[in-house]
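Reminder, nothing fancy here: chain letters follow the sequence lines and each chain counts from 1.
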Amino acid sequence: MPTPIALVDVNNFYASCERLFRPDLKGRPIVVLSNNDGCVVARSAEAKAMGIKMGVPYFKIRGEYEAKGGIWFSSNYGLYGDMSHRVMTVLESMSPRVETYSIDEAFLELGETWAGNLIEYGLAIRAKVLQWTGLTVGVGIGPTRTLAKLANYAAKKWPQTGGVVDLRDETRRAKLMAITPVDEVWGVGRRLGARFNQQGIQTVADLVSSDTKTMRARYGVVVERTIQELRGHPCADLAIEPDAKQQIVCSRSFGERVTDRTTMYQALADYMARAGEKLRAEQRCCRAVSVFIRTSPFNGNEPYYGDQATTKLAVPTNDTRVLLHQIAHLLDMIWRDGYRYQKGGVMLGQFTPIENQQGDLFDTGSNDRLMEVLDKINNSGLGKVRFASQGLDQHEWLMKRERLSPGYTTRWEDLPVAK
DNA sequence: TCTGGGGTCCTAGGACCC
DNA sequence: TCTGGGGTCCTAGGACCC
């Protein structure tokens, strides 16, 4: 019998974070929008009940939604990141082995202390997270991560479970699977779901009872693993230590269309500087540097254009100046006049550890100190040092965030005041 | 007017090597 | 007449996740 695993996630995470500091919004529908206030990326229970769909462009629902009293916020990742950290800290106090899976989810290995009493354990987790952070979590328990995910789905779907479901019992599992659509399974997205349906696989039970060999031949090894996990055979361990990143991407949709090369260059320089910071935080150097630009794929009235260009550095680097230096010739390779660009970005890849760098014979000296000082200043919260190529203005126009909530937990000036 | 950002893994095919 | 087999690395594309 494999060690039981719990999947714990925060209900309506972003929307709950916003409401945490705005008790006056209790009972009101809340949605949080993506960057540029584009799509709906999180919904409160009330907004879900109104039928607001995940990922829908906000302008399509705005009129009706606001007429019905709906509230919206721009994404406040500083706030969500900090609240996430608090939740994870509580979870780490409840289990010695925790895998942070996303900003609002974690897998916990359940030790012997709690064996046989896992519903109570789940309830204890909920109570403690609520008391310490004010956020409500759901808990799904099973012998594999995929089953823990499924249990978590059930805990959300049926409130009478009290927010905790244990799927270690096979009879219970079979009952749930028989009534759960196959596309609720972790790893089955829209496309696979549609192909399964076509093949007569409608429920999770249908998938579990399918022939493994046939499924592997038809859909590949990922689907085979999913089936094994649904049968209770673990195919992956908990990833307690996150794997080193294999690529770093910094990209944004623009608040306004970009039509001149100089502006595009500044935007890319801005992303590149950010990518360099992330690279150094990972303690890595990179060899591959790419930039990409594209017009909107949604605008039928304009021709679409998008392309990317990559260069391989002779010597791996994490020096922002070297990275910035690549932009001009990469942009030359793909820039076309006459288009209204909607998005641009940079990518870094082919990483090597920082400590065993091959020295550059012709290098005039190490730049480590400069980058270190730069990062320290920029992380101090006291001010920002920028490269000239990023432009002198702060390009606030690059991203729209019309309704950004305060940094309640991350800025002294924004601390909520108790009355 | 208005459609996110940042990742992962797998597979197939081509280049290249011995 | 007749044209290997096995391996690696890289890239592009497709699928998925939150």
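Rounded to a whole Å, the CG atom of A:Asp183 is 13 Å from the C1' atom of C:dC16. Between the CE atom of A:Met347 and the P atom of C:dG13 there is a distance of 12 Å, rounded to whole Å. Straight-line distance from the OH atom of A:Tyr101 to the P atom of C:dC18: 5 Å, rounded to whole Å. B:dG5 atom C1' lies 13 Å from atom CZ of A:Arg274, rounded to whole Å. Taking atom CE of A:Met54 as the reference point, atom P of C:dC17 lies 12 Å away to the nearest angstrom. Regarding A:Tyr219, its OH atom lies at a distance of 11 Å from the P atom of C:dC16, rounded to whole Å. Rounded to whole angstrom, the span from the CG atom of A:Leu207 across to the C1' atom of C:dC16 amounts to 15 Å. One interatomic measurement links the two molecules: CD of A:Gln246 to C1' of B:dC10, which rounds to 12 Å at whole-angstrom precision.
Within 4.0 Å of A:Asp104, counting heavy atoms only, lie sugar-phosphate atoms of the nucleic acid but no base atom. As judged by a 4.0 angstrom heavy-atom cut-off over every strand, A:Arg62 is placed among residues making no nucleic acid contact. No engagement by A:Arg195 is indicated, since no non-hydrogen atom pair under 4.0 Å with the nucleic acid exists. Heavy atoms of A:Leu192 sit under 4.0 angstrom from primed sugar atoms or phosphate atoms, though from no base atom. Residue A:Ile103 is classed as having no contact, given no heavy-atom separation below 4.0 Å to the nucleic acid. Contacts of A:Tyr58 with the nucleic acid, taken as non-hydrogen atoms under 4.0 Å apart, are absent. Within 4.0 Å (heavy atoms only), A:Gln342 reaches sugar-phosphate atoms of the nucleic acid but no base atom. Among the heavy atoms of the strands lying under 4.0 Å from A:Val188 are primed sugar atoms or P, OP1, OP2 only; no base atom is included.
Of the listed nucleotides (B:dC2, B:dG4, B:dC10), B:dG4 has the atom at the smallest distance from the side chain of A:Val41. Closest contact between the side chain of A:Lys149 and the listed nucleotides B:dG5, C:dA15, C:dC17 involves C:dC17. Among the nucleotides B:dT8, C:dC10, B:dT3, the one closest to any side-chain atom of A:Gln247 is B:dT8. When each of B:dC2, B:dC10, B:dT3 is scored by its nearest atom to the side-chain atoms of A:Arg340, the top-ranked nucleotide is B:dC2. Closest to the side chain of A:Val221, out of B:dT8, B:dC10, B:dT3, is B:dC10.
Put simply, CZ on A:Arg257 and OG1 on A:Thr263 are 14.5 Å apart, with the number rounded to the nearest 0.5 Å. Distance NZ/A:Lys157 to OG1/A:Thr180: 8.0 Å, rounded to 0.5 Å. Interatomic distance, A:Leu370 CG to A:Asp375 CG, rounded to the nearest 0.5 Å: 9.5 Å.
For the pair A:Ile240 and A:Pro242, the tightest heavy-atom approach, listed with the atom from each and the gap, is O-CD, 3.4 Å.
With both ends at atom C1', the span from C:dG4 to B:dC17 equals 14 Å, rounded to whole Å.
Within the 3.5 Å criterion, the main-chain N or O of A:Ile52 finds a donor-acceptor partner in the side chain of A:Arg43.
Dashed line: the shortest gap from a side-chain N or O of A:Lys312 to OP1 or OP2 of C:dT11 is under 4.0 Å. Phosphate contact (OP1/OP2 of B:dG5, side-chain N/O of A:Lys343, threshold under 4.0 Å): present. The shortest distance between the side-chain N/O atoms of A:Lys60 and the OP1/OP2 oxygens of B:dT1 is not below 4.0 Å. Residue A:Ser253 has a polar side-chain atom (N or O) positioned under 4.0 Å from OP1 or OP2 of B:dG5. Dashed line: the shortest gap from a side-chain N or O of A:Arg257 to OP1 or OP2 of B:dT1 is not under 4.0 Å. At C:dC10, none of the side-chain N or O atoms of A:Gln350 fall inside 4.0 Å of OP1 or OP2 (strictly under the cut-off).
Because its NZ or CZ atom is not both nearer than 6.0 Å to the ring centre of A:Phe351 and within 45° of the ring axis, A:Arg284 does not count as a cation-pi partner of that residue.
As the counterpart of B:dC18, C:dG5 is assigned, both hydrogen-bonding distances of the Watson-Crick or G-U wobble pattern falling under 3.5 Å.
In terms of position along DNA chain B, the nucleotide closest to A:Arg294 lies nearer the 5' end than the nucleotide closest to the other residue of the pair A:Arg294 and A:Lys245. Summary of the strand contacts: A:Asn35 and A:Arg225 both lie near DNA chain B, and taking for each the nucleotide with the nearest heavy atom, the more 5' one is attributed to A:Asn35.
Ring centers of A:Tyr219 and A:Phe196: under 6.0 Å apart, within the cut-off.
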